[in-house]
Amino acid sequence: MSLMKALVPSTILTLFVAALVGASGSGAARSSFLALENANLAGYPVFWSWPFFLSVMAINCLLVTRMAKASRG
């Protein structure tokens, strides 16, 4: 259940950070941690980073799980 609760904030944060980094011209750096990918959606460039998304998702899952445990006890 914590995985589903962490999905939306992780997606939003990844899109936001990838858009900031990609718009500044750093989108072609595939050797960096972000490994940004550039895709076109309806003619608009969209930046995405799977390594960053998975890292943020893991952190969000841990936070949601800890908050659930703290509210129970």
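All residue numbers refer to positions in the sequence shown, counting from 1. Remember, predicted model here, so these are calculated numbers, not experimental data.
- Here NZ of Lys5 is found 9.0 Å from OG1 of Thr65. Values are rounded to the nearest 0.5 Å.
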Please tabulate, for side-chain N and O atoms in residues 7-20, each donor-acceptor pair with protein atoms closer than 3.5 Å (sequence neighbours left out).
residue	atom	partner	partner atom	Å
Ser10	OG	Ala6	O	2.6
Ser10	OG	Asn60	ND2	2.8
Thr11	OG1	Leu7	O	2.8
Thr14	OG1	Ser10	O	2.8

Can I get a per-line list of side-chain donor-acceptor pairs under 3.5 Å for residues 43-56, giving both atom names and the distance, sequence neighbours left out?
residue	atom	partner	partner atom	Å
Ser49	OG	Leu34	O	2.2
Ser49	OG	Phe52	N	3.3
Ser55	OG	Pro51	O	2.9

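- The distance from the CE atom of Met67 to the CZ atom of Arg72 is 12.5 Å, given to the nearest 0.5 Å.
- With rounding to the nearest 0.5 angstrom, the CE atom of Met4 is 10.5 Å from the SG atom of Cys61.
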